[in-house]
Amino acid sequence: MATQQEYPPFSLDKPRFDQSTFSGRLKHFLNVIDPRTLLTTQSQLEAAIKLLDDYKAGTVPPGVSDAQLWEALKIKQSIIHPDTGKKIFMPFRMSGFVPFGSPIVVGLLLPNQSFGQMIFWQWLNQSHNACVNYANRNASKETPMSRFFMGYFGAVTSAVSIAIGLSVLVKRAKNFSPATKMLIQKFVPFPAVATASTCNVLLMRNYELSEGIEVFDKNKQTVGTSRIAAKQALFETAVTRAVLPAPVLILVPIVLSVLNKLSEIQQLHGHSFQLPS
């Protein structure tokens, strides 16, 4: 049975999880990217929307629980864009970012890639990121498509340039052994992706630095616009975008290298004790 803590009294104006705590924000994020919502059928979506409409009209059927209302809101928010009211294409939903993005990450980490393969995976990764950003954009104030394309081409260009440039430098380095070169090569995707993501943010949202962004008081009332707030928001977003790929693009190569080394040690150990036939 769902507890009061799991499903507090339903409200359209307040989040389900306490956003003043780290655990609450983490639960909210995990709820947003829950891939199970990708399996939602059209009839389930329509039922969720109807239930929320009934709640707004004060005509919720008897017996409907807070848990059902929260789940209905989760389904609607994961599929329907809040500003346009249209369905978001499945691969570009936040809930689809991990399932559809994971194969791309695997491609980025493939060993011994040619320049062509490297360009393809970096392009595909940035194209997917750009489409996710656009599909989940704030559409209350429409951004010109020219700005979107500027961010996209900037991200693709920076990602491909850094990946190719670092790969060339590593291959031409004379002071590294082949094993060291191979190890360094595994980490090339991270600076390429991190830099591209940062460039994407700076190019897509640089207008905020000149125009400012809206600031609100504790009652969520607009009190004006601020370029200082825009600068801080842009900086924090850029840093976040640069750091987010680290767990996958840095930790995974490290783990794989350790496992590979252990495998080599076990093979040597087994060989040293192998009896002659």
Side-chain angles (χ1 to χ4, degrees), residues 2 6-19 24-104 124-145 147-149 151-152 197 200-201 204-205 208 213-214 216 220-222 233 237 240-241 244:
E6 288 178 322
Y7 293 101
F10 182 76
S11 173
L12 288 171
D13 300 322
K14 295 180 181 179
R16 173 181 163 190
F17 303 102
D18 184 4
Q19 297 300 285
R25 292 192 294 271
L26 177 60
K27 290 177 181 177
H28 172 75
F29 182 73
L30 293 176
N31 198 52
V32 169
I33 65 171
D34 186 351
R36 290 176 298 179
T37 58
L38 296 174
L39 303 176
T40 303
T41 63
Q42 181 63 29
S43 60
Q44 289 173 326
L45 174 60
E46 292 173 356
I49 294 174
K50 184 179 185 305
L51 183 57
L52 294 173
D53 290 339
D54 290 343
Y55 176 83
K56 293 178 183 178
T59 58
V60 176
V64 174
S65 64
D66 289 316
Q68 289 174 294
L69 288 167
W70 282 118
E71 288 301 316
L73 183 63
K74 175 181 177 178
I75 289 173
K76 180 181 178 181
Q77 289 181 335
S78 67
I79 300 175
I80 304 299
H81 193 287
D83 296 325
T84 65
K86 298 179 180 179
K87 290 177 66 174
I88 300 173
F89 187 44
M90 188 182 291
F92 306 147
R93 297 174 192 169
M94 293 307 300
S95 56
F97 188 74
V98 173
F100 289 96
S102 296
I104 299 176
L124 186 61
N125 181 55
Q126 292 306 321
S127 296
H128 181 243
N129 290 343
C131 289
V132 170
N133 290 339
Y134 182 77
N136 295 276
R137 71 196 185 283
N138 183 342
S140 58
K141 184 178 180 181
E142 194 62 44
T143 302
M145 286 298 294
R147 194 172 296 279
F148 168 75
F149 284 117
Y152 169 67
S197 299
N200 191 309
V201 172
M204 287 284 289
R205 298 177 54 182
E208 294 179 6
I213 59 175
E214 290 185 339
F216 306 87
K220 297 184 179 180
Q221 298 296 319
T222 304
T237 302
T240 302
R241 292 286 183 88
L244 278 178

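FYI, the numbering just counts along the sequence from 1.
Atom-to-atom distance recorded for Q126:CD and I104:CD1 is 10.0 Å, nearest 0.5 angstrom. Rounded to the nearest 0.5 Å, atoms OG1 (T40) and CD (Q42) are 10.5 Å apart. Put simply, CG on L73 and CG on L51 are 10.0 Å apart, with the number rounded to the nearest 0.5 Å.
Inter-residue side-chain proximity for N136 and H81 is flagged as unmet; no heavy-atom pair is nearer than 4.5 Å. Put simply, the side chain of K27 does not reach to within 4.5 Å of the side chain of N31, judged on heavy atoms. Looking at Q77 and M94, their side chains never come closer than 4.5 Å, going by heavy atoms from C-beta outward. Contact check for R16 versus E71: side-chain heavy atoms found under the 4.5 Å cut-off.
Nearest heavy-atom pair across T37 and I79 is O-CD1, 4.2 Å. For the residue pair L52 and A72, the shortest heavy atom distance occurs at CD1-O, 3.8 Å. Contact record, S65 with Q68: N-OE1, 2.8 Å, taken as the closest heavy-atom pair. Scanning all heavy atoms of the two residues, the minimum distance from Y55 to V60 falls at CA-CG2, 3.3 Å. Minimum heavy-atom separation, D54 to P61: OD2-CD, 4.3 Å.
Applying the salt bridge (Lys or Arg N to Asp or Glu O under 4.0 Å) test to every pair with at least one member in residues 33-45, sequence neighbours left out, gives these pairs: D34-R36, D34-K74.
At least one test fails for R25 against the ring of F17: distance under 6.0 Å to the centre or angle within 45° of the axis.
In this structure a side-chain-to-backbone donor-acceptor pair under 3.5 Å is missing from E46 to S43.
The ring pair (Phe, Tyr, Trp, His ring centres under 6.0 Å) with H128 is formed by just one residue from the set Y134, F89, F97; it is F97.
Relative ring orientation between F10 and W70 is described as perpendicular, the plane-to-plane angle rising above 60° on a 0-90° scale split at 30° and 60°. Note on ring orientation: taking the six-membered ring where Trp is involved, the planes of F148 and Y152 are parallel (angle under 30°, cut-offs 30° and 60°).
Between the side chains of S78 and S95, not a single donor N or O lies within less than 3.5 Å of an accepting N or O.
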- Kindly determine whether K87 and L45 satisfy side chain to side chain contact (heavy atoms under 4.5 Å, CB included), including the steps that lead there. CA-CA 10 Å; K87 290 177 66 174; L45 174 60; 4.2 Å; yes
